[in-house]
**Q** 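Sharing a structure below in C-alpha cells format, with a few things to ask.
Since the structure is predicted, the reported quantities are computational estimates derived from the model, not experimental observations. Within every chain, numbering begins at 1; the chains are lettered A, B, ... in the order of the sequence lines, protein sequences first and strands thereafter.
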Amino acid sequence: MAINWFKYAAPATFYGLAGKMVPWFAVPAAILFVVGMYIGFFVAPADAVQSEAYRIIFIHVPASILSMFIYLIMAGYAAFGLIFNTRLSSMMATALAPTGALFAFISLWTGALWGKPMWGAWWVWDARLTSELILLFLYLGFIALQSSIDDSRRADRAGALLAIVGSVNVPIIYFSVKWWNTLHQGSTIKFTGTSMHIAMQQAMFVMLVACWLYVIAVTLVRVRSIILERERNAQWVSELNEVKL
Amino acid sequence: MSWAEFFAMNGYGFYVWGSYGVTLLIFIIEIALVRHKRKITLQQLRLMRDAGEAQ
C-alpha cells in the first residue's frame, strides 16, 4: 500500500495526526525522565574531580545539544516553507522557537550553576558561552520579529531569513571549544570513544532522548493551536468536534 | 547514605537542585502555557462562529 505522505503536509490532516501523536511522545518522555534521573543520581558514581556537582551535566548537556539541534530543525522548516511555500513547515518553525529558546536558557542557567562552584564565576565571556547566549537572542529575535508582523505569510518569510542567517552560529557554538582557547571544557564524548563512566553516559543519553521526546510533544500541541489560528476561516476547522461544542 | 546527605550533594546541593528545580519549573510552565493557548484558541473559534451566526 502506498502512503501519500504529502497528504500529511496539509494542515487539516496534520492537525488530527498531531493530536493522536502527542501522548506517544509525552508518556515515554515522562518515563525516560524518571529513568534518566534515577541512573544519574543513584547509579552513576560521584566524579573524581567534580564530586557531586557534575550531576548537573545530565540536564546541561542534553539541553545544550537540543538548543542547537532545535535551531537547525527550525531553520530547516523555515527554509523549506520559504522555498516551497508550504504553510505547515512555516508553522512548525514558529512552534519550535519558544521551546528552543527555553532549552538555550536551561543550558545557560545550568551552566552558570555549574560554573560558580567549578570555575568560581557564574559567567565568563568565553567563546562557548557567548555563542550560546547569541543563540538564545536569535530565538528571541525570531519570535519577536514574527509577532511584530500581522500578515502571517510575511511573518513566515521574514522569520525564515533570520533563522537561515542565524544558523551560521550553530557550528560556531559546536566548534568553539576547538577553535578558541575556552574556559569551557571540550567534549568528553567524542566519535573516537570516551573516558566517561558507563552509567554517566547512560544517564546523559536517556535524558537526551527524554528531552527530545518532550520537545516533540510540546511542539505538536503548540503547532495545533497555530494551525487552528491560521486556518480559522477554513471549513474543516468549523467542523471539528472541539469547535462545534 | 542518608537522604539528608543525598540532598546535600556533598555541599553542591544548591547548584545541583537549583539546576534541576528551575528546569522542572520551566517544563511545568511551558506545558501549562501550550495547554492554555489551546483552550483560548478553541474559545476564540467558538466566539467567532457565534458572532457569525448572530449576523
**Q** Measure the CG-CD distance between B:N10 and A:Q50 for me, rounded to the nearest 0.5 Å.
**A** 13.0 Å
**Q** Any chance you could measure A:S225, atom OG, to B:Q44, atom CD, to the nearest 0.5 Å?
**A** 10.5 Å
**Q** If you look at every heavy atom in A:E242 and B:R46, which pair is closest and at what distance?
**A** O-NH2, 3.0 Å
**Q** Side chains of A:L228 and B:R38: does their closest heavy-atom pair fall under 4.5 Å?
**A** yes
**Q** Using a cut-off of 6.0 Å, state whether more than 12 heavy atoms not belonging to A:W24 lie near its atom CH2.
**A** no
**Q** If you measure from CZ on B:F6 to CD on A:E52, what distance do you get to the nearest 0.5 Å?
**A** 8.5 Å
**Q** What residue in A:G111, A:S51, A:A26 has the most heavy-atom pairs under 4.5 Å with chain B?
**A** A:S51
**Q** So which of A:F105, A:F33, A:F41 has the biggest tally of heavy-atom pairs under 4.5 Å with chain B?
**A** A:F41
**Q** I want to check something: taking the side chain as every heavy atom from C-beta on, are B:K37 and A:R224 in contact at a cut-off of under 4.5 Å?
**A** no
**Q** Which pair of heavy atoms, one from A:K244 and one from B:R49, lies closest together, and at what distance?
**A** O-NH1, 2.7 Å
**Q** Identify which part of A:F103 has an atom lying under 4.5 Å from any heavy atom of chain B, answering side chain, backbone, both or neither.
**A** side chain
**Q** Counting only non-hydrogen atoms closer than 4.5 Å, does B:F27 touch chain A with its backbone (N, CA, C, O), its side chain (CB onward), both, or neither?
**A** both
**Q** With a 4.5 angstrom heavy-atom cut-off, could you sort out which part of B:T41 is near chain A: side chain, backbone, both or neither?
**A** side chain
**Q** Can you tell me which portion of A:R232 sits under 4.5 Å from chain B's heavy atoms? Options are side chain, backbone, both or neither.
**A** both
**Q** Considering the options B:T23, B:V22, B:V16, which one meets the side-chain contact (heavy atoms from CB on, under 4.5 Å) requirement together with A:T110?
**A** B:T23
**Q** More than 12 heavy atoms of other residues, nucleotides or ligands under 6.0 Å from CG of A:D151: yes or no?
**A** yes
**Q** Any side-chain heavy-atom pair from B:Y12 and A:M118 closer than 4.5 angstrom?
**A** yes
**Q** Can you tell which part of B:M9 gets under 4.5 Å to a heavy atom of chain A, answering side chain, backbone, both or neither?
**A** both
**Q** Kindly give the heavy-atom pair with the smallest separation between B:Y15 and A:I56, and that separation in Å.
**A** O-CD1, 3.5 Å
**Q** So how far is it from B:S19 OG to A:W114 CH2, rounded to the nearest 0.5 Å?
**A** 11.5 Å
**Q** Less than 4.0 angstrom from a charged side-chain N to a carboxylate O is my criterion; do B:E30 and A:R222 meet it?
**A** yes
**Q** Among A:T99, A:T219, A:V221, which one satisfies side-chain contact (heavy atoms from CB on, under 4.5 Å) with B:V34?
**A** A:V221
**Q** Which heavy atom in A:M207 sits nearest to a heavy atom in B:Y20, and how many Å separate them?
**A** CE-CE2, 4.3 Å
